[in-house]
Each structure stands twice: as structure tokens, then as C-alpha cells.
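Written out below as C-alpha cells is the structure these notes cover.
Every value quoted in this text rests on a predicted model; they were computed, and no experiment measured them. Residue numbers start at 1 and run along the sequence shown.
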Amino acid sequence: MKNIFDFTMKELENFVEPKFRAKQIYEWIYKKNVDDFAQMLNLPKEIRQSLAQNFYLDPLKCVRSETSSDGSIKYLFALKDGKTIESVLLPMKDELRDENEKIIRHARYSICVSSQVGCKIGCSFCLTAKGGFVRNLTPGEIVAQIWLIKKMNAIPYERRVNVVYMGMGEPLNNLDNVAKAVQILKENDGLAIAPRRQTISTSGLSTQIKKLGEMDLGVLLAISLHAVDDELREKLMPINRAYNIASIMQAVREFPIDLRKRVMFEYLMIDGVNDRPSDAKTLVKLLHGIRAKVNLIYFNPHEGSSFGRPSPENMIKFQDYLCAHGITCTIRQSKGLDISAACGQLKQRNEQGKILAQSSISADKISNK
């Protein structure tokens with residue numbers, strides 16, 4: 001059986017007759033959040049039966065979630081093969097009402113999705129890397145993360161969300177499937193999430209950045225930089241040996257970007273490692289001539305890491321220097337600090353829990369002998 005979320009509407013037209021049925025199916029799934037073909041009542045019974053025989057509508061199952069006091073929700077999803085991935089719902093702006101309780105601004109959300117089970121990049125500060133790489137996600141497994149999160153949180157169809165490919169995995173190592181997910185998400189009869197609302201983050205695979213640019217999908221680009229010299233970046237991100245900073249900057253300069261937009265540079269601030277005034281100065285030089293926005297991120301400590309969280313004072317000093325030199329710079333306010341916020345934490349805790357449970361069962365068996 002096939003995952004129906006893997007199909008663009010044009011592809012789905014090849015499976016149903018007449019072709020307009022594909023639009024109806026899309027509307028049932030993406031606009032009405034139906035998860036059972038039998039509920040698609042304006043389709044003939046024989047089509048519903050054929051769909052049920054050839055496709056499935058449940059590529060993901062939520063096995064665990066954690067809700068932060070700031071409203072962020074971290075999800076652990078199980079795939080059909082039992083592998084698990086993480087996704088996050090991030091509230092960006094709260095709903096506002098006037099004195100008559102009329103909504104004057106709807107709540108706004110971003111959804112952070114995974115593109116792979118595990119990751120092969122091996123960044124020293126990332127918990128996901130410790131689990132190694134397992135496999136790529138299909139386009140439908142990526143799309144279903146957004147669909148299911150919207151469904152579980154009753155986010156209306158007409159409420160658009162921003163999508164960031166910043167979860168588990170390196171999106172550009174799964175470029176073809178990520179690109180197809182972008183196309184499925186933008187379908188007007190589907191979730192209708194415009195490419196300008198979708199940001200693909202990469203650890204800096206220069207050749208793949210060039211390929212993504214040639215696809216001209218209209219998405220935004222984010223670069224996980226995290227260091228301003230090759231020596232340090234190689235220690236933090238071994239991928240830098242293959243794609244050094246100079247090659248990344250060249251690829252970014254050639255990347256097609258809407259003149260109203262900027263390339264995002266994500267800079268994970270680690271106490272005493274890359275948060276010095278000299279680092280800020282070098283970063284300004286690196287970004288010269290690029291329409292850039294720098295997003296400073298607090299390192300989110302996790303068990304087993306030797307890195308520390310920087311002080312707010314150092315973050316602000318770093319930001320002030322960049323802004324004073326004409327670079328748009330924001331400090332990402334950490335969300336989910338009271339839950340398993342760092343990428344890979346919820347997955348690790350879930351698997352540790354299974355190991356403990358299995359150990360307990362084994363111990364019980366031994367004690368009962």
C-alpha cells in the first residue's frame with residue numbers, strides 16, 4: 001500500500017477517474033482533516049473502496065508529546081516501520097481580542113519538521129547525531145507532520161503556518177524528497193502553504209545549496225553557521241572539512257532570493273567557544289555583500305554535553321555589534337526549556353524509558369525464577 005501523503009494532486013489524478021476526484025480527495029484530507037476514506041461521502045463507494053485497498057492515511061502515530069509552559073509542544077512520532085522522529089509546534093504570536101471579544105489578530109504558529117530518521121552530519125553539539133543515520137523520510141512523511149500537528153491542535157485550515165525544516169536530519173541530504181514536500185504543501189487545494197513560508201535549513205552543503213537554487217522553489221534558506229573560522233567549525237561540525245566556510249558563502253551569494261527576503265544565518269552561541277567580540281567582528285566581514293539576517297540561538301544544554309549556555313549579556317553584546325554594522329540580528333528566545341527541547345532529546349528519553357522498562361521486566365523474570 002502507498003502513503004497518500006506522498007502524492008501531488010496531479011499524481012493522484014492518475015489513480016482516479018474522472019480526474020476531478022483527486023481534488024475532492026485532497027480537500028477531504030487537507031481541508032477537512034479526514035483520516036478514513038469511508039468518510040469521503042461525495043466519492044462513489046467503489047472509489048472509496050479502491051482508495052482503502054491501495055493507500056493508507058496514517059503514516060505517523062503520536063507516541064509521546066510534551067507541552068512547555070510557553071505553549072511549545074514537542075512531538076515524538078512513530079513511522080510505519082517503527083522508527084521515530086520529532087516535530088515541534090511553536091506558537092509565535094498569541095491570539096488578540098478587543099474589549100468585545102472580537103478577534104483582531106489570530107494566533108500564529110511555526111512547525112519544525114524532521115527530514116530524516118537520525119542524521120549523518122555528526123555535529124558535536126547535537127543530540128540527534130549520537131543516534132546515527134537510519135534513513136530518509138518520504139515526502140509524505142514530511143507533509144504528514146504538519147497535517148497531523150494542525151489536526152491535533154485544531155488549527156483551522158485557513159490559518160496558515162510557517163514551516164521550518166530544522167528538525168532531525170540534514171534536509172539537503174534528502175533534497176529530492178524535501179523538494180517534493182514543498183510542492184505538496186503549496187498545493188492550493190491542499191494545505192496551501194506558500195514556499196515563502198517554508199524555510200530549509202542546512203549545515204552548509206555547498207553543492208546541494210547550488211542544486212536547491214537551480215530548482216527555484218521559492219523557499220527561504222537558512223544556514224547553520226555556528227562558527228566564523230574553519231578550525232573551530234570543523235570541531236563543531238565535521239562536515240566543514242568537505243564544505244568549508246568560503247564555499248558556503250559562495251553558494252549563498254549565488255542563491256536566488258526574493259529581494260524582499262534575506263538569507264538566515266543561524267548562529268548557536270556556546271559559552272566561551274564562539275561568543276567573543278572577535279567572533280562578531282569576523283562574522284560581519286564574512287557576511288559583507290550578502291542580504292543576511294543573523295539569528296543568535298542560545299545553546300540548549302542536554303545530558304552528556306560539555307558545552308554551556310552563554311550569558312544574556314554576551315548575547316546582547318554580540319547582537320549590538322552586528323546591528324551597529326548594518327546586519328539585521330535577532331536573538332531567538334529559547335522555547336521549551338522545561339521540556340525535551342533540544343533536537344533528539346524526546347526520542348532519547350523515550351528510548352531510555354523503553355530500555356529501563358525492559359530491564360525491569362528482565363529483573364522481574366530473574367527474581368521470579
Checklist entry - Is it the case that one hydrophobic cluster holds both Val134 and Leu79, taking links as side-chain heavy atoms less than 4.5 Å apart, direct or via other members? => result yes
Checklist entry - Do Leu322 and Val284 have side chains that get closer than 4.5 Å, going by heavy atoms? => result yes
Item to check | Side chains of Gln24 and Arg21, donor plus acceptor under 3.5 Å | outcome: yes
Item to check | Distance-minimising heavy-atom pair for Pro59 and Asn3 | outcome: CB-ND2, 3.5 Å
Checklist entry - If we only count heavy atoms from C-beta on, is the Glu234 to Asn244 side-chain gap below 4.5 Å? => result no
Next on the checklist: Quick check against the 3.5 Å criterion: does Asn153 have a side-chain atom that pairs as donor or acceptor with the backbone of Ile149?
Outcome noted: yes
Checklist entry - Between Ile270 and Asp275, does a side chain to side chain contact (heavy atoms under 4.5 Å, CB included) hold up when you go through it step by step? => result CA-CA 6 Å; Ile270 304 172; Asp275 59 347; over 6 Å; no
Item to check | Candidate pair Glu187 and Lys10, rule salt bridge (charged side-chain N to carboxylate O under 4.0 Å, His left out), full reasoning | outcome: CA-CA 10 Å; Glu187 293 269 11; Lys10 191 166 186 178; over 6 Å; no
Item to check | The single option from Val163, Leu172, Leu220 passing side chain to side chain contact (heavy atoms under 4.5 Å, CB included) against Ile200 | outcome: Leu172
Checklist entry - Does Glu266 pair with Lys293 as a salt bridge, N-O distance under 4.0 Å? => result no
Item to check | Asn295 and Thr330 side chains, donor-acceptor separation under 3.5 Å | outcome: yes
Checklist entry - Is any side-chain heavy atom of Lys150 less than 4.5 Å from a side-chain heavy atom of Ile111? => result yes
Item to check | Closest heavy-atom pair and its distance - Thr199, Ala222 | outcome: CG2-CB, 3.8 Å
Checklist entry - Is any side-chain heavy atom of Leu191 less than 4.5 Å from a side-chain heavy atom of Ile184? => result no
Next on the checklist: Classify the ring geometry of Phe125 against His226: parallel below 30°, tilted from 30° to 60°, perpendicular beyond 60°.
Outcome noted: perpendicular
Next on the checklist: Taking Val252's backbone N and O only, do any of them form a donor-acceptor pair with Lys210's side chain (distance below 3.5 Å, no angle check)?
Outcome noted: no
Next on the checklist: Between Glu141 and Lys83 (salt bridge meaning N to carboxylate O under 4.0 Å), is one present in this structure?
Outcome noted: no
Next on the checklist: I'd like to check Thr328 versus Val294 (side-chain heavy atoms, cut-off strictly below 4.5 Å). Are they in contact?
Outcome noted: no
Item to check | Among Tyr26, Phe15, Tyr30, ring pair (Phe, Tyr, Trp, His ring centres under 6.0 Å) partner for Phe7 | outcome: Phe15
Checklist entry - Where is the tightest heavy-atom contact between Phe5 and Leu57, given as atom of each residue plus distance? => result CE1-O, 3.7 Å
Next on the checklist: Do Tyr56 and Met40 sit in one hydrophobic cluster, given that two such residues count as connected whenever their side-chain heavy atoms are within less than 4.5 Å of each other, even indirectly?
Outcome noted: no
Next on the checklist: Whether the Asn174 and Gln116 side chains hold a donor-acceptor pair (N or O, under 3.5 Å, no angle test) is what I'd like checked.
Outcome noted: no
Checklist entry - Just wondering, more than 12 heavy atoms not from Lys151 lying within 6.0 Å of its NZ? => result yes
Item to check | Stepwise side chain to side chain contact (heavy atoms under 4.5 Å, CB included) test for Tyr243 and Ser206 | outcome: CA-CA 6 Å; Tyr243 304 100; Ser206 308; 3.7 Å; yes
Item to check | Basic-acidic side-chain contact under 4.0 Å: Asp230, Arg241 | outcome: no
Checklist entry - Hey, are the side chains of Asn33 and Trp147 touching, using non-hydrogen atoms and a 4.5 Å cut-off? => result yes
Next on the checklist: Please determine whether a side-chain nitrogen of the Lys or Arg among Asp58 and Lys80 lies less than 4.0 Å from a carboxylate oxygen of the Asp or Glu.
Outcome noted: yes
Item to check | Flag if over 12 foreign heavy atoms under 6.0 Å of NZ, Lys23 | outcome: no
Next on the checklist: salt bridge (charged side-chain N to carboxylate O under 4.0 Å, His left out), that's the test. Do Arg64 and Glu66 meet it? Break it down for me.
Outcome noted: CA-CA 7 Å; Arg64 188 171 176 180; Glu66 292 184 358; 3.5 Å; yes
Item to check | side chain to side chain contact (heavy atoms under 4.5 Å, CB included) between Asp6 and Val143, worked out | outcome: CA-CA 8 Å; Asp6 278 325; Val143 170; over 6 Å; no
Next on the checklist: Looking at Arg233 and Glu231, is there a salt bridge between them, counting it only when a charged N and a carboxylate O are closer than 4.0 Å?
Outcome noted: no
Item to check | Linked, directly or transitively: Met264 and Leu225 (ILVMFWY side chains, under 4.5 Å) | outcome: no
Item to check | Donor-acceptor pair, side chain of Ser224 and main chain of Ser203, under 3.5 angstrom | outcome: no
Next on the checklist: side chain to side chain contact (heavy atoms under 4.5 Å, CB included) for Met168 and Ser115? Distances and angles first, verdict last.
Outcome noted: CA-CA 6 Å; Met168 297 172 65; Ser115 55; over 6 Å; no
Next on the checklist: Donor-acceptor check, side chain of Ser68 to backbone of Gly71, threshold 3.5 angstrom: yes or no?
Outcome noted: no
Checklist entry - How about Glu170 and Thr202: does a side-chain donor come under 3.5 Å of a side-chain acceptor? => result yes
Item to check | Atom pair CG (Leu12) and CG (Leu51), whose distance is rounded to the nearest 0.5 Å | outcome: 7.5 Å
Item to check | Which atom of Leu137 lies closest to which atom of Asn177, heavy atoms considered | outcome: O-ND2, 3.0 Å
Next on the checklist: Check Arg276 with Asp279, please: is the shortest side-chain N to carboxylate O separation under 4.0 Å?
Outcome noted: yes
Checklist entry - Parallel, tilted or perpendicular: which describes the rings of Phe77 and Tyr75, with under 30° parallel and over 60° perpendicular? => result parallel
Checklist entry - Would a 4.5 Å heavy-atom cut-off, applied to side chains only, mark Asp35 and Ile29 as touching? => result no
Next on the checklist: Hydrophobic clustering (ILVMFWY, side-chain heavy atoms < 4.5 Å, transitive) - are Phe307 and Ile121 grouped together?
Outcome noted: yes
Item to check | Any donor-acceptor N or O pair under 3.5 Å, side chains Trp28, Asn42 | outcome: yes
Checklist entry - Would you call Leu175 and Leu205 a side-chain contact if the rule is heavy atoms closer than 4.5 Å? => result no
Item to check | Rounded distance (nearest 0.5 Å) linking atom NZ of Lys180 with atom CG of Leu185 | outcome: 12.5 Å
Checklist entry - Is a side-chain N or O of Arg196 found less than 3.5 angstrom from the main chain of Gly218, in a donor-acceptor match? => result no
Checklist entry - So, the side chain of Ser114 versus the backbone of Glu86: is there a donor-acceptor pair under 3.5 Å, distance only? => result yes
Checklist entry - Taking a hydrophobic cluster as the set of Ile, Leu, Val, Met, Phe, Trp and Tyr residues connected by side-chain heavy atoms closer than 4.5 Å, whether directly or through intermediates, do Ile146 and Tyr157 fall within one such cluster? => result no
Item to check | Exercise: do Gln250 and Glu254 side chains pair donor with acceptor under 3.5 Å | outcome: yes
Checklist entry - Under 3.5 Å, is there a donor-acceptor pair between the side chain of Gln198 and the main chain of Ile193? => result yes
Checklist entry - Looking only at heavy atoms, what is the nearest atom pair of Leu90 and Ser72, with distance? => result CD2-OG, 3.8 Å
Checklist entry - Looking at Tyr298, does the NZ or CZ of Arg309 lie under 6.0 angstrom from its six-membered ring centre and within 45 degrees of the ring axis? => result yes
Checklist entry - If you count the non-hydrogen atoms of other residues, nucleotides and ligands that lie under 6.0 Å from NZ in Lys19, is the total more than 12? => result yes
Checklist entry - In terms of heavy-atom contacts, does NZ of Lys32 have more than 12 from other residues, nucleotides or ligands at under 6.0 Å? => result yes
Next on the checklist: Let's go through Asp81 and Arg135 carefully: what are the C-alpha distance in whole Å and the side-chain angles of both, what is the deciding distance for salt bridge (charged side-chain N to carboxylate O under 4.0 Å, His left out) to 0.1 Å, and is it a yes or a no?
Outcome noted: CA-CA 11 Å; Asp81 60 4; Arg135 70 170 176 86; 2.8 Å; yes
Next on the checklist: I need the minimum non-hydrogen distance between Gly204 and Ile248, along with the two atoms involved.
Outcome noted: O-CG1, 3.4 Å
